[in-house]
Every structure is written in structure tokens, then in C-alpha cells.
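Okay, structure first, notes after.
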Amino acid sequence: MQTKNISIIGAGLVGSLLAIYLKRQGHTVTVYERRPDLRKGNISAGRSINLALSDRGWQPLKEVGLEEYLLQMIIPMKGRIMHDNAGQITLQPYGKEGQAINSISRGGLNSLLMNKAESLGVNFKFEHKCLEIDFDQTTLYLSNDTNNSTIKSDLIFGTDGAFSAVRAAMQKQDRFTYSQSYLAHGYKELVIPATKSGDFAIDKNGLHIWPRGKYMLIALPNLEGSFTVTLFLPFEGKGYAFENLNTDKEILHFFKEVFPDALNFMPTLLDDFRANPAASLVTVKSYPWVTNNTMLLGDAAHAMVPFYGQGMNCGFEDCFELNKYIEHYGDDWKAIFKLFGESRPENTNAITDLALGNFIEMRDRVGDESFLLRKKIEAHLNTLYPKRWIPQYSMVTFNSQISYAFARRVGRFQHQIMDEIMKTPSIKSNWRNLDFETIIENLEKLMKNGGGNIENKYPL
Ligand SMILES: Cc1cc2nc3c(=O)[nH]c(=O)nc-3n(C[C@H](O)[C@H](O)[C@H](O)COP(=O)(O)OP(=O)(O)OC[C@H]3O[C@@H](n4cnc5c(N)ncnc54)[C@H](O)[C@@H]3O)c2cc1C
């Protein structure tokens, strides 16, 4: 293979993994990151202290030889642990016995990826901010504290996140399609500290959710015994909103009213609330991801809201899929960029849409009785017909061989069928008497007649 001189912009999760893949293919790889090295000193890796890592993210990390490290860094979360208004707790498993999503530190994972990349010979240049790109010359314009520099490369990858400078440069090109939208809600990170004896204050093996319609709190465990808590709340408006929570009294009143049981475990709430910003939740879609020899990947190409826990997983899958094209087409970068760049967005658009839909599900529906019954019936169908009815959440989270686009499409059919089933009289007491074989046949009829260019059978 012909060695290329490759520049990657952004040493976040996706840029660091991509650097490993490209270095393994024998290329000369330099990563330019605008921030200082997060491994030196107390530098935060940015938003969301921990993340949920699932199959699509795990697969590439395993492929590049990091599984043994991951196993020491994760806390498996087997399901949603729901906290209702009365403080009652219920566990809703995410999948089958043995299936879990994994809480992992963003900074820890990013450091692991950078260490691995460096050990292979990738060169990281910190405090180098990309300002502009000349796509005709494949040239970067960078600045750091002391001077500006110009770097010529064979290929450039933009993995510089949701507010990408590389994408901003592409937006100036003719026929670049782009959309960006914000939720009315923002998020703020808070903490449930470990107990005095160093234990977890609440069950560590689940993702805790306090769904309250317009407001929602979630908590993911950290290895040292604390939980990172994320509050989702409208930025403004009547009632509870970030703009209306300013004094200690207002903040405490809100938590006492809406999340009283969580408040019991949050002794540092007021300090955390004041210290951490309310951040926005953005959705970005773009096309094409390629201009000449430059390609976008990860959040730079497709940023999504965090409600399916897939942004990073999807970005890692971008690298995994791109690598398959590299293995197949070798030195033919024109074909790699064209074919990957044309095929991948269908899947990233699908998960971006599903993530928005899951916001409604998480905040409004996960606590509702008929939703729980739907999930129970779907789980039963999956037990009876493991390869003929796979719930959408499982397709996305635990079956990386199923594409996001397929999961969205089949999920819509499943939804349509479940809507009809839920109209059955006395469904709550009679659901076990449903004609499950006919339900499966109906799904398969819809899949067969559904059209589109996506495969009609589960690719398992
Ligand atoms: C609250 C929240 C919770 C989330 N939870 C999950 C989850 O549970 N599971 C999951 O899969 N995903 C989750 N995500 C999504 C996940 O954080 C992103 O999808 C992921 O970080 C994308 O990685 P990236 O490398 O593409 O971008 P980033 O992580 O944003 O990295 C981009 C990097 O580029 C650098 N950079 C930016 N501009 C420049 C420039 N001009 N020059 C040089 N460098 C630059 C930045 O400093 C940064 O280091 C969550 C997101 C949020 C906001």
C-alpha cells in the first residue's frame, strides 16, 4: 500500500480511533487538536464525563486491540432503573440476560485511544487549532499560541466535533447541504458522590432515570463510586427552566418538588449546579462528507442528541466501516471516499432521527404502564422468535451487524403492529393469548412489501 501523509483535525474520541486505524494501514498520521493534552494535568475531556458504550462502539475498539483495557474501565448497566414520582424503583432490562450497555469515562477512553495511537507512531500536535482549509491544495491553516502554520497533506479528515471548522469550510462550497437544529431543552451535569465508606449510593448496574415529562434526570456510574447525573430541562419558559433557577432556594425547591428521592443522594447539588454550565443539545446533518481529498467523520458529519446513547458509538462505527473500504480498495482513495461517503449517511441520518424520537420516549413514556406492557410483549415475541422479532432498541444497541437504517425501518413496522395490538380489548390481562405467529407473519409481510433499498430480512 502506498503510504499517505494524513492529517486529522480533532483528537476527540473519533479522531483518536481513526488515527489508530490509519496508522495500522501504514500511513503517516498527524492529529491536530486545538486543546491542550487532556492526559496532562486536570483537563476535562469536555462535555459528559461518562458515556454509554455499546456493541457498535465496542466492535472497533476490540478490532484495534483495546478490549482487555476496556474490560477494566467499564461498569455494565443491564437496564433502565426507573424512579417514579413516589420514589418507587423498577428495573427495565435493556435486552436479554447477559446484555448490557457500559458506562465508561470519556477522559479515560480518550486517553486510552491517544496512548494506543502514539504507541503505534501517530504524532499528536496539541493547541493547534484548524482555522481554514484549501480543498484544492489539501492544505490546512492552523494557529497556536505563538504562530500560524500551513500544512500540506495527501488526505485530511475532519473529526473536530459538532461545531467543526472543517465542515464550516465545506459549507462555503457549492451544493453542500447542511442542517442544524437545537432542542428547547439543555443539560447540566451534577453529581451523586460515593458514600462516606466509598460505596455507590444507588445501584451501580443500571442507568438511572427520573422521567418527569418536561424534565428528566439520568445517572450513570463511575468506577470510583460516584454517579454523573445529567439534568435535562428547558432553557426558558414558564415553570421550571434553567433561566428560572437562579437562587439556592429556587434550585432546592425544584429538586424537592420534582426529584425528591434523588436529592437525598446529592449533598453537593448547589455547588455543582452553580459550577457547571447549562449546555445545548444540537442535531447536525450534512452531505456530502467529502470535498476533494478531505472527509468529515463523527460529530463533525452528524451530531445527534444523546437519548439513544449512540453518538460516539456511531462515530466509532464510521471508522470501522471506513476501514472495511480501505481494506477492500487499498490505494484507490477516490473510490474509498466516494463509495463510503455515499453509503454511510443513510445510516447516520437514521440514528440521528431515532435519537430525537427517543427523547420523547425517555422523558414521557418509560414510566407509563402501557409502554411497559408494549415492551413486555415485544420481549416475549423476541423470546419466542429470536431471529424474527428483534426490538428496535436491541437492533441498535446489541446487534451491530444490523444497520441503523434497517433498525429504523423495521422499528417503524413494529411500532405500527404494536399500536394495533395495544387496541385489543383487555390487552393488559389477555396479552398472553395473542396469536404471536400471525403477529410475526404480519411484520414479515410489511418488511417484504416495505420497498426501499434496505435488505428485507434481519441480516443475522
Ligand atoms: C450530554 C451528552 C451525553 C452523551 N452520551 C453519549 C453516550 O452515552 N453514548 C454515546 O455513544 N455518545 C454520547 N454522546 C455523544 C458523544 O459525546 C459524541 O458523539 C462524541 O463525543 C463524538 O466524538 P467526536 O470525536 O466526533 O467529537 P468530539 O468528542 O466533540 O471531539 C472533537 C475534538 O475536536 C477538537 N476540535 C474542535 N474544533 C477544532 C479545531 N478547529 N481545530 C482542532 N481541533 C478542534 C475538540 O477540542 C475535540 O477534542 C453524548 C453527548 C452529550 C452532549
Side-chain angles (χ1 to χ4, degrees), residues 38 41-52 73-91 101-108 185-235 239-281 306 309 362-363 366-367:
L38 66 87
N42 187 21
I43 299 157
S44 150
R47 66 191 184 278
S48 89
I49 287 155
N50 56 20
L51 303 133
M73 293 170 69
I74 54 157
I75 300 181
M77 301 180 290
K78 295 177 196 155
R80 298 165 165 149
I81 300 182
M82 308 297 307
H83 297 249
D84 73 11
N85 285 324
Q88 296 288 331
I89 295 175
T90 45
L91 172 73
I101 59 175
N102 302 292
S103 181
I104 190 160
S105 146
R106 180 189 286 270
H185 283 65
Y187 72 94
K188 188 185 273 281
E189 295 202 321
L190 305 166
V191 182
I192 293 180
T195 61
K196 281 195 183 121
S197 54
D199 296 326
F200 289 91
I202 51 179
D203 186 348
K204 72 172 170 98
N205 288 120
L207 191 155
H208 292 261
I209 309 182
W210 290 258
R212 301 289 185 267
K214 270 172 83 179
Y215 328 116
M216 180 169 73
L217 203 63
I218 66 169
L220 275 75
N222 297 309
L223 281 181
E224 78 334 317
S226 68
F227 283 79
T228 301
V229 177
T230 311
L231 168 66
F232 296 95
L233 194 67
F235 275 108
Y240 295 122
F242 282 119
E243 69 166 358
N244 303 331
L245 297 180
N246 298 306
T247 63
D248 290 358
K249 201 171 154 201
E250 284 163 351
I251 298 164
L252 280 176
H253 178 77
F254 168 59
F255 270 80
K256 277 183 188 153
E257 282 283 305
V258 183
F259 306 114
D261 59 332
L263 179 60
N264 292 334
F265 303 109
M266 302 175 74
T268 55
L269 170 68
L270 292 173
D271 290 340
D272 299 333
F273 203 96
R274 274 191 297 265
N276 297 334
S280 56
L281 293 163
M362 275 179 88
R363 64 174 202 179
V366 284

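Predicted, not measured: the structure shown is a model, and the values here were computed from it. For reference, positions follow the sequence shown, starting with 1.
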Within the distance-only criterion (no hydrogens, no angle test), does the side chain of Thr268 pair as donor or acceptor with the backbone N or O of Asp271 below 3.5 angstrom? no
Could you tell me whether the side chain of Met82 reaches within less than 4.5 Å of the side chain of Pro211, counting heavy atoms only? yes
Of all the heavy-atom pairs spanning Tyr240 and Leu233, show the shortest one and how long it is. O-CD1, 4.0 Å
Smallest heavy-atom separation, Ser105 atom then Gly108 atom, equals OG-N, 2.8 Å
Looking at CG of Leu190 and CD1 of Ile251, how far apart are the two atoms once the value is rounded to the nearest 0.5 Å? 9.5 Å
Relative to each other, are the rings of Phe255 and Phe273 parallel, tilted or perpendicular (30° and 60° limits)? perpendicular
Would Phe227 and Phe265 count as a side chain to side chain contact (heavy atoms under 4.5 Å, CB included) here? Give the steps. CA-CA 10 Å; Phe227 283 79; Phe265 303 109; over 6 Å; no
Is there a side-chain contact between Trp210 and Asp261 (heavy atoms, below 4.5 Å)? yes
For Ile75, does its backbone N or O pair with a side-chain atom of Asn205 as donor and acceptor, under 3.5 Å? no
Asp84 (side chain) donor-acceptor with Ala86 (main chain) under 3.5 angstrom: yes
List the atom of Lys204, the atom of Met77, and the distance in Å for their closest heavy-atom pair. O-CG, 4.4 Å
Just so I know, are the side chains of Leu217 and His208 near enough to count as touching, which here means a heavy-atom distance under 4.5 Å? no
Looking at every heavy atom in both Asn246 and Glu250, which two are closest together, and how far apart are they? N-OE1, 2.7 Å
In terms of side-chain geometry, is the basic nitrogen of Asp248 or Arg274 positioned less than 4.0 Å from the acidic oxygen of its partner? yes
Main chain of His253, side chain of Glu257: is a donor-acceptor contact present, judged purely on distance under 3.5 Å? no
Counting C-beta onward and ignoring hydrogens, is there a side-chain heavy-atom pair between Pro306 and Leu281 closer than 4.5 Å? yes
Dump the intermediate steps for side chain to side chain contact (heavy atoms under 4.5 Å, CB included) on Leu269 and Phe259, then the final yes or no. CA-CA 12 Å; Leu269 170 68; Phe259 306 114; over 6 Å; no
Show your reasoning for whether side chain to side chain contact (heavy atoms under 4.5 Å, CB included) applies to Arg80 and Leu207. CA-CA 5 Å; Arg80 298 165 165 149; Leu207 191 155; 5.6 Å; no
Would you indicate whether the side-chain heavy atoms of Tyr215 and Pro234 approach each other to under 4.5 Å? yes
Please check: side-chain N/O of Ser103 versus main-chain N/O of Leu220, any donor-acceptor pairing under 3.5 Å? no
Under the criterion side chain to side chain contact (heavy atoms under 4.5 Å, CB included), I'd like the reasoning laid out for Thr228 against Glu189: C-alpha separation, chi angles, the key distance, then a yes or no. CA-CA 7 Å; Thr228 301; Glu189 295 202 321; 4.1 Å; yes
Closest heavy-atom pair and its distance - Ala279, Phe235: O-CZ, 3.5 Å
Would you say the side-chain atoms of Asn102 pair up with the backbone N or O of Ile74, donor to acceptor, closer than 3.5 Å? no
If you take all heavy atoms of Ile101 and Ala52, which pair is closest and at what distance? CD1-CB, 3.9 Å
For the atom pair CG (Asn222) and CD1 (Ile104), what is the distance rounded to the nearest 0.5 Å? 11.0 Å
Do Asp272 and Val229 come close enough that some side-chain heavy atom pair is under 4.5 Å? no
The reported gap from CG in Leu245 to CG in Leu252 (rounded to nearest 0.5 angstrom) is 10.5 Å
Can you tell me how far CD1 of Ile209 sits from OG1 of Thr230, rounded to the nearest 0.5 angstrom? 11.0 Å
Keeping the roles fixed (side chain from Asn244, backbone from Gly239), state whether a donor-acceptor pair exists under 3.5 Å. yes
